[in-house]
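First up is the structure itself, then whatever we jot down about it.
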Amino acid sequence: MLGEILNPYYLQVAAFIMINIILAISIYITLSSGQLSLGSAGFMGIGAYTSALLTIHFELPIIVGILAGAVVAGIIGILIGIPALRLQGVYLAIATLGFGEVVRIIFVNWESVTRGSIGLSGIPHMGRELLRFFKDIGFDPDMIGLKNNQFIYLLVLLILVLINIILIWFFTRQNKSRIGRAFAAIKMDEKAAEAMGLNITYYKVLSFAQGAVLAGFAGALYAHVLAYISPADFAYHRAIEILIFSVFGGSEVILGAVFGATFLTLLPEALRFISEYRYMIYGAILVLMMAFRPQGIIDASVLNWFKKNLKSKRGTNHGTRINKNN
Amino acid sequence: MLIEQLINGITLGSIYAIVALGFTLVFGVLGIINMAHGEIFMIGAFIGVVTTSVLGLPLWIAFIAAIGVTAALGYLLERIALRPLRGKQGVSHLAPLISTIGVSIILENLSHHLFGAGNQPFRNAFADIQFQIGSITVYLVQILIFVISIALMLTLSFWLSKTKAGKALRATAENLETASLLGVNTKRTITTTVIIASAMGGIAGILVGMAFNSVNPQMGLSMGLKGLAIIILGGMGNVKGAMAGGLLLGVAETGIVAYGDSGYRDAVAFITIIFILLLRPQGLFGKKTAEAGR
């Protein structure tokens with residue numbers, strides 16, 4: 001029975017939702033300190049290519065490759081982030097946009113390493129490597145009634161879900177910590193935050209680098225889930241797509257990014273006829289959101305409303321019980 | 001060889017300059033970056049293809065049609081994507097940027113659906129007419145593009161500095177509220193600015209079609225990014241800086257293609273953006289600091 005529900009296609013879509021959530025969180029983190037970065041696709045590409053090349057040429061384990069991808073993206077993020085701090089608002093957006101394009105052009109032209117616009121194929125697939133590992137230790141998917149294919153995608157999805165839970169937990173915690181409050185203060189008013197004694201340079205580079213690490217991490221996961229990458233995967237459109245996840249879902253709360261990524265990944269899959277017009281709809285969403293709801297679908301007041309409603313329901317239950325007792 | 005490359009570079013650069021002028025006008029008046037400008041330019045080029053190649057009409061009609069359509073697009077852009085955000089409480093300064101990115105995606109994919117992803121040829125009657133001056137070959141098209149660009153820049157400079165509307169525009173750019181108090185119809189001035197900027201994008205579109213004989217939906221993006229690079233190079237909101245920056249980028253790109261690796265041609269603009277922003281954020285000719293332009 002389990003075998004029938006677990007259609008590999010659905011599992012694959014779910015895996016992409018998870019990767020997109022990581023990307024959305026990466027842009028949410030940079031936005032939370034008031035910086036708009038359009039370079040997330042570039043960092044994603046750096047992570048993906050680093051991990052893919054390391055695992056293909058040096059036969060490193062996938063997990064080492066993925067971590068290396070995230071670290072390299074983070075280092076480049078810091079290198080870009082420190083000088084880019086002199087820039088604010090639209091200037092940072094343009095500089096990071098330029099950075100993303102330079103990265104893509106390098107991927108296209110550095111043919112000896114990246115194989116140009118053809119892209120890299122034959123990247124070790126996360127699920128298949130795990131299947132081999134499980135078979136080596138004497139476990140066969142048939143034992144729980146699953147086909148190899150289902151088992152592979154299920155395993156990948158479970159890992160991604162686990163990663164996402166950890167990430168969301170971590171960044172929710174961080175938001176409530178000194179760091180999160182510093183980000184919020186800088187977003188509100190940079191000069192006032194500086195006057196209050198915050199080390200703006202440190203916090204801005206931190207948020208920029210966190211975004212870069214997450215994007216590189218997501219890119220590396222993407223490479224090992226899809227097993228094929230090309231420079232076109234990390235172009236300007238990808239950066240815009242990632243931005244839309246956060247802008248549509250809500251750029252002020254982390255759940256907004258999660259909601260935006262989930263909804264906008266499912267939408268073209270659920271409505272096939274829409275997928276052809278996907279980017280036009282994305283564009284319309286951006287224009288309409290900015291005009292009518294610049295903070296995105298989910299913001300703090302929506303979350304509070306949900307909390308209040310849940311609480312009041314519990315409250316009435318409580319009240320009726322008291323009445324009965326009386 | 002060197003002089004021919006220089007002529008190629010100046011031809012390309014004068015088109016870049018016109019695109020950049022559209023960016024710089026909008027930035028100067030509204031303080032925002034119009035990310036849809038590149039796509040409006042691309043629509044202008046496609047209007048040129050449709051009028052000359054499909055309908056078989058002469059080139060001057062193509063110019064008029066492109067100006068008309070892109071001006072209308074500029075008006076719509078202002079009404080739909082920019083005006084609702086203006087003067088609203090609590091809207092971040094990034095909102096207009098994101099909103100115009102939205103418009104740019106809509107336009108790019110619209111033309112993708114209408115005209116297909118491939119290159120469309122742009123035919124004109126005098127594409128092959130050329131002159132020999134000594135050992136140098138000059139195409140008539142190149143001269144035409146250069147003349148039109150210079151004429152356009154002179155007209156714009158004259159309009160900005162000498163006419164009443166131009167003064168109103170400069171006053172609005174200086175300070176919107178004060179200009180409004182002094183009796184300038186700022187709403188109309190802003191609309192006019194966006195319309196003129198878009199129409200210049202449309203003209204540039206036809207010029208590119210003439211110069212390269214091919215038009216595709218993706219050209220808006222790369223031209224838009226190059227336009228951004230130029231106004232950053234020349235100083236945001238600076239009209240003369242946009243012209244000089246455009247010529248500079250055109251010559252630099254042609255130089256890379258002729259004497260370097262043509263694959264990295266597009267990278268010149270973006271590397272320029274990054275270095276200029278880091279070393280001299282006010283641009284080569286600008287006085288404003290990066291902060292003032294927020």
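The chains referred to below are lettered A, B, ... by the order of the sequence lines, with proteins before strands, and numbering in each begins at 1.
Interface residue F99(A): backbone and side-chain heavy atoms are both found under 4.5 Å from chain B. Looking at I33(B), only its side chain comes within 4.5 Å of chain A, counting heavy atoms on both sides. In this structure, chain B has no heavy atom under 4.5 Å from any part of I281(A). Residue V287(A) touches chain B through both its backbone and its side chain, counting heavy-atom pairs closer than 4.5 Å. Neither the backbone nor the side chain of I32(B) comes within contact range of chain A; no heavy atoms are under 4.5 Å apart. L110(B) touches chain A through backbone and side chain together, each having a heavy atom under 4.5 Å away.
To the nearest 0.5 angstrom, L97(B) atom CG is 7.0 Å from I94(A) atom CD1. Within the model, atoms OG of S222(B) and CD of E101(A) stand 8.5 Å from one another, a figure rounded to the nearest 0.5 Å. Here the straight-line distance linking atom CG of L286(A) with atom OG1 of T100(B) works out to 9.5 Å at 0.5 Å rounding. The line from NE2 of H237(A) to CD1 of I105(B) is 6.0 Å long, rounded to the nearest 0.5 Å. Y282(A) OH to I101(B) CD1: the interatomic distance, rounded to the nearest 0.5 Å, is 15.0 Å. Taking CG of L97(A) as the reference point, atom CG of L228(B) lies at 7.0 Å (rounded to 0.5 Å).
Taking each heavy atom of N109(B) and Y279(A) in turn, the nearest pair found is ND2-CB, 3.1 Å.
The local environment of OH in Y202(A) is sparse, with at most 12 non-hydrogen atoms from other residues, nucleotides or ligands closer than 6.0 Å. Heavy-atom neighbours of R293(A) CZ from other residues, nucleotides or ligands within 6.0 Å: above the threshold of 12.
Contact annotation: the side chain of H113(B) approaches that of M280(A) to within less than 4.5 Å [non-hydrogen atoms, C-beta and beyond]. Residues L221(B) and Y236(A) meet the side-chain proximity criterion, which asks for heavy atoms closer than 4.5 Å.
Comparing V247(A), L288(A), N109(A) by heavy-atom pairs within less than 4.5 Å of chain B, the highest count is held by N109(A).
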Under the side chain to side chain contact (heavy atoms under 4.5 Å, CB included) criterion, do I240(A) and M35(B) qualify, and how do the steps go? CA-CA 12 Å; I240(A) 297 301; M35(B) 296 291 283; over 6 Å; no

